[in-house]
Amino acid sequence: MCRCSVKCIKCVLSVLLISHVCFSLFQHYCYSRGGMRHTSYTCICGSGNNSSILHYGHAGAPNDKTIQDGDMCLFDMGGEYYCYSSDITCSFPANGKFTADQRAVYEAVLKSSRAVMAAIKPGVKWTDMHRLADRVHLEELLKIGILHGDVEEMLKVHLGSVFMPHGLGHLLGIDVHDVGGYPEGVERVDEPGLKSLRMGRVVQERMVLTVEPGIYFINHLLDKALASPAQCGFINTAVLTRFRGFGGVRIEDDIAVTADGVELLTCVPRTVEEIEAFMAEETSKPFSPISSQKL
């Protein structure tokens, strides 16, 4: 299921048109090549500023934008097989080449993703993994110049939630947002960002989870932070202006928790170099959604 979804995503990366066309190609590949009649959810095919809309693609914000040269794309897609779901997000430049700003934001999220996956093992708190992602994001945004000041003080005023307003990830199974995240006795943490977590439990062996950190430039959240006496002092408005309209980056992997760490269930190009090499190779080939190549 995850393996076929990965191949479907790679197929879509080789041709970029209107967002809903990319969605339809993913659906076609899932069914024709993987026998998956359904996707796990309405796929998100955001580009440009739309990549900052967390659930872009629904009826109120349909996948209807024409992808432009230079857009940062965020494709959140997953096939469903025998009722079991996959959930994978890839972020990449439409033209196959990262700008300096795109690379900086992308590598900040990738660093966060890898830090979290290195820390996950049975016994850790999922809320602590979310806090770790926030910390890495703030440290990297500091290096980019969007923020200035002390990261510990930023964490106290929940500045991380301005750039990642959703939770780090969720249980994955028969439902894409699988049940069991808050069993009796597990309370939701009422803090920005953390209150959006779909799971608050201690991580256990054999859990299947998504790890999906992201950095987004969402105008109404940025404006709210700039109007906040507690948060505005950390934001370099001159640099932030350059990122207005950037959209967002999310990197989402599916993992199974093992006795001493995780098993990565997704295998897609992840580093900047891997993505650029893959897109350079794929876009040089004639595209056909129907192929005799074996899975």
Side-chain angles (χ1 to χ4, degrees), residues 46-54 68-75 89-119 129-168 192-193 211-228 230-253 269-276:
S47 65
N49 188 55
N50 288 342
S51 60
S52 67
I53 301 173
L54 300 185
Q68 303 294 329
D69 182 32
D71 276 356
M72 194 67 188
C73 298
L74 188 159
F75 283 14
T89 305
C90 294
S91 297
F92 56 93
N95 60 16
K97 286 289 184 181
F98 286 83
T99 66
D101 284 344
Q102 288 172 345
R103 181 180 189 123
V105 175
Y106 183 88
E107 290 188 333
V109 178
L110 183 62
K111 185 173 182 179
S112 167
S113 168
R114 294 321 184 229
V116 168
M117 283 199 278
M129 297 298 95
H130 180 101
R131 290 187 173 102
L132 173 59
D134 267 348
R135 178 182 292 277
V136 175
H137 291 161
L138 294 173
E139 290 171 348
E140 296 304 305
L141 290 171
L142 189 66
K143 293 175 185 176
I144 294 169
I146 294 171
L147 302 179
H148 52 74
D150 183 73
V151 170
E152 297 300 329
E153 296 302 313
M154 296 178 197
L155 289 167
K156 290 178 183 177
V157 298
H158 310 295
L159 194 61
S161 67
V162 174
F163 298 95
M164 186 176 77
H166 61 74
L168 172 66
V211 176
E212 49 180 303
I215 292 176
Y216 315 86
F217 299 91
I218 302 170
N219 283 331
H220 76 272
L221 294 182
L222 297 173
D223 293 339
K224 186 177 178 181
L226 289 169
S228 165
Q231 295 178 332
C232 65
F234 296 108
I235 301 173
N236 185 332
T237 53
V239 177
L240 178 63
T241 299
R242 198 169 79 229
F243 290 85
R244 294 274 192 171
F246 176 100
V249 167
R250 179 164 65 253
I251 298 173
E252 182 176 15
D253 287 301
R270 282 302 189 205
T271 68
V272 167
E273 293 76 18
E274 289 169 349
I275 292 168
E276 289 186 344

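- Counting only distance, with no hydrogens or angles, the side chain of Ser51 and the backbone of Gly248 share a donor-acceptor pair below 3.5 Å.
- What you find for Thr271 and Leu110 is that their closest heavy atoms are CA-CD2, 4.0 Å.
- For the residue pair Ser113 and Ile251, the shortest heavy atom distance occurs at OG-CG2, 4.3 Å.
- For the atom pair Leu222 CG and Leu226 CG, the distance stands at 6.5 Å (nearest 0.5 Å).
- The distance from atom NE2 of His166 to atom CE of Met164, rounded to the nearest 0.5 Å, is 6.0 Å.
- At a threshold of 4.5 Å between non-hydrogen side-chain atoms, the residues Val105 and Asp101 do not count as touching.
- Taking a cutoff of 4.0 Å between a charged side-chain nitrogen and a carboxylate oxygen, Asp69 and Lys97 do not qualify as a salt bridge.
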Just do the side chain to side chain contact (heavy atoms under 4.5 Å, CB included) check on Arg135 and Glu139 with the steps written out, would you?
CA-CA 6 Å; Arg135 178 182 292 277; Glu139 290 171 348; 3.5 Å; yes
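- Shown here for Leu168 and Ala133, the closest heavy-atom pair between the two residues is CD1-CB, 4.0 Å.
- Taken to the nearest 0.5 Å, the CZ atom of Phe246 stands 6.5 Å off from the OG1 atom of Thr99.
- Gln68 places no side-chain N or O within donor-acceptor distance of the main-chain N or O of Ser47, the cut-off being under 3.5 Å.
- The distance from the OG atom of Ser112 to the CG atom of Asp134 is 8.0 Å, given to the nearest 0.5 Å.
- Residues Thr89 and Arg270 come closest through the heavy atom pair O-NH1, 3.0 Å.
- The line from CZ of Arg114 to CD of Glu107 is 12.0 Å long, rounded to the nearest 0.5 Å.
- The minimum heavy-atom distance between Leu74 and Val249, with the atom names listed, is CD1-C, 4.1 Å.
- Here the side chains of Pro213 and Val116 are not in contact, with every heavy-atom distance at 4.5 Å or above.
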Phe163 and Ile146: CA distance, side-chain angles, deciding distance, side chain to side chain contact (heavy atoms under 4.5 Å, CB included) verdict
CA-CA 11 Å; Phe163 298 95; Ile146 294 171; 4.3 Å; yes
Starting from the C-alpha separation in whole Å, work towards a yes-or-no answer on side chain to side chain contact (heavy atoms under 4.5 Å, CB included) for Arg250 and Val109.
CA-CA 7 Å; Arg250 179 164 65 253; Val109 178; 5.9 Å; no
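- In this pair, Phe243 and Phe217 present their aromatic rings parallel. The plane angle is below 30°, not in the 30 to 60° band.
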Determine, step by step, whether Asn236 and Leu240 satisfy the side chain to side chain contact (heavy atoms under 4.5 Å, CB included) criterion, reporting the C-alpha distance in whole Å, the side-chain angles of both residues, the deciding distance to 0.1 Å, and the verdict.
CA-CA 6 Å; Asn236 185 332; Leu240 178 63; over 6 Å; no
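- Annotation: side chain of Leu142 is in contact with side chain of Met154 (closest heavy-atom distance under 4.5 Å).
- Distance check: Glu276 CD to Arg103 CZ gives 6.5 Å after rounding to the nearest 0.5 Å.
- Across Ile235 and Ala225, no two heavy atoms sit closer than the pair CD1-CB, 3.8 Å.
- Here the side chain of Asp71 pairs no donor or acceptor atom with the backbone of Cys73 at under 3.5 angstrom.
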